Amino acid sequence: MTLLMALLSFLRVNILKTVVLTGTFALAMAFAGNDLVNFIGVPLTGLDAYLDFSAHGAGDADAFMMSSLQDSAQTPIIFLLVAGVIMVLSLTFSKKAQNVVRTSVDLSRQADGDEMFGSSGVARVLVRASMKLANGVLRIVPRPVVEWVDGRFCTVHVKLPDNAAFDMVRASVNLVLAGLLVAFGTSHKLPLSTTYVTFMVAMGASLADRAWGRESAVFRLTGVISVIGGWFITAGVAFALCYLVTNAMFFGGYVVMLLSIVVAIGLLIRSHLAYEKKEKEEDEVFHKLIRSQDQAEIWKLLCEHIRKGNAARLDFVMNAYKASTDAYLSESYTPLRRASGLIDEERNELKRQRRREIVAMRRLDPLMMIQRNTWYFLGINSCLQMLYGMKRINDPIREHVGSNFSPLPQEYRADFLAMRDGVIAIYERAFQMLQKGDFSESEQLRSDCMSVQMKISSDRKIVLDNLQNGEQNMNTLLLTVHILQESQELVGSLRHMLRGMRKFLEV
């Protein structure tokens, strides 16, 4: 191989491309050697057992010994070919299989981009401990050694091809090492998961290649922990369910077997429908944006992404505000608890949206974006303030209702509902504006926001006066004042968001 590589280099053949090509075939063969057994091993063993019993069992299952299965299997070629074709078609057309590959590639990619996973407490602790350890080692290692090591990681002159996740060197390591490990484990009859081995090789290579920076390490590590945890949880669940299903079939007979088949088919259909729903929720605009190389198209897709993202945020705030205030009036605790979790999820989604859009803006002309960045951050930070405002509204209401404090007095309900409906109406108008992408009436809408804010301020003054007189329940009136004040802030944040959106698109 050394002589062959020297010859190819002499002939000016790209060695790394050759290694990646042969490594891909080697990994595919290693996968086939392992996964093909997992795929057809059990049904073919069952078929062999049935044929052997039919030929030699004499109809007595209790006295029949399946000693023939101790010999090496003689699998007909046609079964191997058909199984191979099914596996190839599944990998080609299965969205779930493609998503597994995408997860591995995204977690090991060299460049910045959208992070698939959030930040977990375990990952934060591990990253913090690793950084402390690394800083301790740096204090001991001589400075020339550190500079020499850093020089080995210089990426100034490395230019990745379009849409490439990492360079040829790491691709070669990933393919060759994963193929070797899978082939070695299979030859020694070890029960290994090819996907797990390949995934961990990719994660180890990306970590060693400094693909995980301080800005991405927590997200990447969370992804690794989630994937590994999922595998171990699956193993434990499969172990327990296998025991239960086997006992149920043994004692229940054919009735339980038929029910198990029906349940299995139902679970497969349910899983497929759930995956399709999740796939529809994927950020297709962002994926198109990342793949595009045309500046005009990137700008158009970025504007669409911002507009749709902010519209979704307004729709969420509008529905969450209505749900929280309805729960306050009806003294319903469950909707408030549910809303609290949804608000946290939406804040995380907004952070992901912001990260994606900043990654996209880096692909545009810097001079062009200098003029627009201020307005972009005004709009996106206004959306963040809306979600914080919803948190500040929902949590005190939840505490109030959960403590069984007195409800809002009847004489305040009509004014409170009028105020609430006014806020929802102004948000509905803004939502429709962003949905259509027509900002011609944005100034009029901002003026109407001012009117709503003034009306809320007037209502708040009345409640404060009654609170001062001490004629009503103090806890209830304090909460009502708080809701009015935060509602006023919600409308103010909407005004800022509309201004930022219009200016960003018009500059």
Side-chain angles (χ1 to χ4, degrees), residues 24-97 100 178-198 230-272 275:
T24 302
F25 279 101
L27 184 60
M29 289 296 293
F31 263 62
N34 186 281
D35 291 350
L36 199 60
V37 175
N38 300 335
F39 179 38
I40 63 175
V42 173
L44 286 184
T45 302
L47 178 61
D48 283 350
Y50 171 74
L51 293 175
D52 190 27
F53 174 73
S54 300
H56 308 103
D60 186 4
D62 293 331
F64 176 67
M65 304 297 290
M66 292 187 292
S67 55
S68 62
L69 296 183
Q70 293 178 346
D71 300 330
S72 297
Q74 303 296 324
T75 306
I77 297 296
I78 185 63
F79 286 143
L80 296 175
L81 290 175
V82 172
V85 169
I86 292 173
M87 290 175 69
V88 170
L89 292 175
S90 299
L91 290 171
T92 304
F93 297 105
S94 171
K95 297 294 184 182
K96 290 185 178 181
V100 170
L180 283 171
L181 288 173
V182 172
F184 178 82
T186 304
S187 65
H188 286 73
K189 301 179 182 180
L190 298 175
L192 56 84
S193 165
T194 53
T195 310
Y196 181 85
V197 170
T198 309
W231 266 313
F232 280 103
I233 291 171
T234 302
V237 170
F239 179 84
L241 283 180
C242 182
Y243 170 79
L244 295 174
V245 170
T246 304
N247 275 278
M249 287 185 174
F250 180 79
F251 292 107
Y254 288 105
V255 176
V256 173
M257 292 181 189
L258 291 173
L259 287 175
S260 299
I261 293 172
V262 172
V263 170
I265 293 173
L267 289 174
L268 285 172
I269 294 174
R270 180 175 176 271
S271 173
H272 179 72
Y275 188 82

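All figures in this text were calculated on a predicted structure; none of them were measured in a lab.
- Among residues two or more places apart in sequence or in another chain, the side-chain contact (heavy atoms from CB on, under 4.5 Å) test is passed with L89 by V85, F93.
- Looking at every heavy atom in both residues, A183 comes nearest to A30 through N-CB, 4.1 Å.
- Side chains of C242 and T246 form a contact here, defined as non-hydrogen atoms less than 4.5 Å apart.
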### Query
When you look at F64 and D52, which way does the side-chain contact (heavy atoms from CB on, under 4.5 Å) test go after all the steps?
CA-CA 10 Å; F64 176 67; D52 190 27; 3.3 Å; yes
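- Once rounded to the nearest 0.5 Å, the distance linking CG of L259 with OH of Y254 reads 15.0 Å.
- The environment of CE in M257 is crowded: more than 12 heavy-atom neighbours from other residues, nucleotides or ligands sit within 6.0 Å.
- No side-chain heavy atom of V197 sits less than 4.5 Å from a side-chain heavy atom of F184.
- Contact detail for N34 and V182: the closest heavy-atom pair is CB-CG1, 4.3 Å.
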### Task
Could you go through the side-chain contact (heavy atoms from CB on, under 4.5 Å) check for T194 and L27 one step at a time?
CA-CA 9 Å; T194 53; L27 184 60; over 6 Å; no
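- Summarising the geometry, atom CZ belonging to F31 is positioned 10.0 Å from atom OG1 belonging to T186; distances are rounded to the nearest 0.5 Å.
- Closest approach of L192 and G185 over heavy atoms only: CD2-CA, 3.3 Å.
- The minimum heavy-atom distance linking W231 with S193 is given by the pair NE1-OG, 4.4 Å.
- Here CG of L44 is found 6.0 Å from CZ of F79. Values are rounded to the nearest 0.5 Å.
- In this structure, S271 contributes its side chain and L267 its backbone to no donor-acceptor pair below 3.5 Å.
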